[in-house]
Amino acid sequence: MPVLAVRSYDSKLDSKRRITLRATSYEYYHVEEYPDGRIMLEPRELTKPFEVSQNTLAMMDESMKNFKAGKVGEPIDFSAYKELL
């Protein structure tokens, strides 16, 4: 069964070639433009929750390689902080 539109209206480009969306529920959108002129907007979050960046994953991999190769720093002495625990 096709999904019916909740709202339908016409919009026009302003002098800076922008389109205004009325009463949107989201702040960020992913935009896809198609050769036939269609534009599809999908709501997005600025960052995906609970996702580790590719840069962080690469740094973790490099750290594990160093650890396995024995390239490690001196142990940290936490005895001064024992009272706080």
Exercise. So, Ser79 versus Asp77: side-chain donor-acceptor pair below 3.5 Å or not?
Worked result: yes
For this session: For the pair Arg22 (side chain) and Tyr9 (backbone), establish whether a donor and an acceptor sit closer than 3.5 Å, ignoring hydrogens and angles.
Result: no
Exercise. How long is the gap from CG on Leu21 to OH on Tyr29, to the nearest 0.5 Å?
Worked result: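 Leu21 CG to Tyr29 OH: 6.5 Å, rounded to 0.5 Å.
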Problem set entry | Atom pair OG1 (Thr24) and CZ (Arg7), whose distance is rounded to the nearest 0.5 Å | 8.0 Å
Problem set entry | Option among Met60, Lys65, Met59 that satisfies the side chain to side chain contact (heavy atoms under 4.5 Å, CB included) test with Glu62 |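 For Glu62, the side chain to side chain contact (heavy atoms under 4.5 Å, CB included) check succeeds only for Lys65.
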Is it the case that over 12 heavy atoms from other parts of the model lie below 6.0 angstrom from the [atom1] atom of [X]?
X     : atom1 : value
Gln54 : CD    : no
Glu32 : CD    : yes
Ile76 : CD1   : no
Asp36 : CG    : yes

Problem set entry | Members sharing Met64's hydrophobic cluster (side chains within less than 4.5 Å) |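 Its cluster mates, by chain and number, are Phe67, Val72.
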Exercise. Do Leu41 and Tyr26 come within less than 4.5 Å of each other through their side chains, counting heavy atoms only?
Worked result: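 Side chain of Leu41 against side chain of Tyr26, heavy atoms only: no contact under 4.5 Å found.
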Seminar exercise, completed: Looking only at heavy atoms, the pair that brings Ser11 and Thr20 closest together is OG-O, 3.5 Å
